[in-house]
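Side chains included, hydrogens not; waters and symmetry mates left out as well; all remaining heavy atoms used.
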Amino acid sequence: MEQISFESDYIEGAHPAILQRLLETNMKQVSGYGHDEFCESAKAKIRSVLCLDDAQIQFITGGTQTNQILIDAMLKQYEGVIAAQTGHVNCHEAGAIEYTGHKVLSVPQHNGKIDSRELKQFIADFYADASCEHMVFPGMCYISHPTEYGTLYTKKELSDISQVCREAKIPLFLDGARLGYGLMSENTDVTINDIATLCDVFYIGGTKVGALCGEAVVFTKQNMPPHFENIVKKHGALLAKGRLLGVQFDTLFTDDLYFKISSHAIKMANELKAVFKEKGYKFFIDSPTNQQFIVLENSKMKELEKKVRFSLWEKYDENHTVVRFATSWATKKENIDYLKSLL
């Protein structure tokens, strides 16, 4: 077998149903910039799933663009965004948030998650500081679900964070780049309806969950910033052929495709997890989603790299490294079987 990959969840192109729909609609003439029948149909289907008729939805090209645009658009010029030390916007966005003039205000992480009590204390400490006018104000709270470590917030944890944000009068923004994999985990009590209720804005990730590209941003409280399309374009993320995103999300939210393919990724992750357990490997963290973090002995890691691609995560000690194996909507059982034979 040629080299197989568990490097990430966006190494394949797109689900065949999306490619087929793009072909079927290819020659239809529609207006640009997301003002087309496919985008409108996709928005209607998403609102129906959310049970939120007045949700405001905007499709954006990718996750980094979405994070940067939302944070920049929703913060005042003197505000920053609170995120976990390991949060994506703090670690893996190449300074995209800071590039807009907004600081990421990091707080401690617990298996990738923010603690509501520490969040509340962080905000209280800021306003108790007599020099706060010389500091960056906390203007938003950012979380991701799943987190960078594949972990999930419970409904209680999410509710507590939401309450802190409401009391502080700052929006709660949930990064859903891998949202489907979080929602379909067997170890979650959080639904997409809970997220729509508890968050001020979130997005439904497409890039990592079966689409060629694209994220669906959902403003849940009639709180879309004025002229948001203008802001998206200013950031260089407004597609003239907005239909590309509309067709994809319309397909993903037809006959529960988004949830079905996310469920497949979780099934494959569970099989992957079972293989590593059977072979006696050490887990760096217990992830209930599609990202699995394994501690590999360095010589074994070098041996595996010849036939399997995975992501290097962090140094564990002088002789071991934490690596990430990710499954996706497209993961094949035969690849997991092949990996098992190599372990």
Side-chain angles (χ1 to χ4, degrees), residues 1 3-16 63 86 88 92 111-113 143-154 174-192 195 204-211 252 256-296 300-301 304-305 307-314 316 321-343:
M1 180 181 284
Q3 190 180 44
I4 60 171
S5 180
F6 294 93
E7 189 176 3
S8 192
D9 37 24
Y10 46 89
I11 54 177
E12 288 88 6
H15 191 277
T86 52
H88 193 75
H92 294 132
N111 290 338
K113 298 188 288 186
I143 60 174
S144 62
H145 186 82
T147 69
E148 290 294 277
Y149 288 99
T151 52
L152 297 170
Y153 287 91
T154 65
L174 186 145
D175 174 337
R178 294 185 168 93
L179 185 60
Y181 305 137
L183 294 172
M184 300 313 294
S185 170
E186 297 170 359
N187 301 93
T188 185
D189 62 349
V190 173
T191 68
I192 197 167
I195 290 169
I204 301 167
T207 303
K208 295 179 173 70
V209 193
L252 285 172
D256 291 330
L257 180 63
Y258 186 77
F259 302 102
K260 290 174 182 175
I261 64 176
S262 296
S263 181
H264 170 78
I266 297 301
K267 180 181 178 181
M268 292 295 99
N270 288 340
E271 298 217 8
L272 187 69
K273 204 170 185 176
V275 166
F276 281 112
K277 284 183 177 178
E278 180 185 331
K279 295 291 185 176
Y281 283 83
K282 177 181 177 65
F283 288 80
F284 179 64
I285 196 169
D286 184 17
S287 165
T289 57
N290 71 311
Q291 301 177 86
Q292 298 299 317
F293 298 87
I294 311 298
V295 179
L296 287 184
K300 182 63 177 181
M301 180 179 70
L304 272 181
E305 283 178 328
K307 296 186 177 181
V308 183
R309 291 199 301 274
F310 43 84
S311 297
L312 300 181
W313 204 251
E314 61 185 72
Y316 186 75
T321 301
V322 179
V323 302
R324 184 189 71 175
F325 288 76
T327 60
S328 77
W329 60 274
T331 300
K332 297 177 181 178
K333 174 66 163 59
E334 63 195 66
N335 285 358
I336 294 176
D337 292 339
Y338 179 59
L339 174 63
K340 182 177 180 179
S341 71
L342 299 175
L343 295 175

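No donor-acceptor distance shorter than 3.5 angstrom exists from the side chain of Asp189 to the backbone of Thr154, with no hydrogens or angles considered. Thr327 contributes a side-chain N or O that, together with a main-chain N or O of Ala265, makes up a donor-acceptor pair within less than 3.5 Å.
Residues passing the side chain to side chain contact (heavy atoms under 4.5 Å, CB included) test with Ser328, sequence neighbours excluded: Asp9, Glu12, Tyr181, Ala330, Thr331. For the side chain to side chain contact (heavy atoms under 4.5 Å, CB included) test, residues two or more places apart in sequence or in another chain that qualify with Thr289 are Pro146, Leu152, Ser185, Ile266, Ser287. Residues passing the side chain to side chain contact (heavy atoms under 4.5 Å, CB included) test with Asp337 are Lys333, sequence neighbours excluded. Residues passing the ring-ring contact (aromatic ring centres under 6.0 Å, His included) test with Phe276 are Tyr281, Phe325, sequence neighbours excluded. Every residue meeting the ring-ring contact (aromatic ring centres under 6.0 Å, His included) condition with Phe293, not counting sequence neighbours, appears here in chain and number order: Tyr149, Trp313.
The local environment of NZ in Lys279 is crowded, with over 12 non-hydrogen atoms from other residues, nucleotides or ligands closer than 6.0 Å.
The closest side-chain heavy-atom distance from Lys307 to Tyr338 is below 4.5 Å. Put simply, the side chain of Thr147 reaches to within 4.5 Å of the side chain of Tyr153, judged on heavy atoms. Using a 4.5 Å cut-off on side-chain heavy atoms (C-beta onward), Arg178 and Gln291 make contact. Taking the side chain as every heavy atom from C-beta outward, Leu312 and Glu305 approach each other to under 4.5 Å. Between Arg309 and Phe6 there is no side-chain heavy-atom pair separated by less than 4.5 Å. Counting heavy atoms from C-beta outward, His15 and Trp329 have side chains that approach closer than 4.5 Å.
Between Lys340 and Glu278 a salt bridge is recorded (basic side-chain N to carboxylate O distance below 4.0 Å).
Considering all non-hydrogen atoms of both residues, Leu179 and Ile204 come closest at CD2-CG1, 4.1 Å.
Identified under the side-chain hydrogen bond (donor to acceptor under 3.5 Å, both in side chains) test for residues 257-270, with sequence neighbours left out: Glu186-Asn270.
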| So Thr321 and Val295, side chain to side chain contact (heavy atoms under 4.5 Å, CB included) or not? Walk me through it. | CA-CA 6 Å; Thr321 301; Val295 179; over 6 Å; no

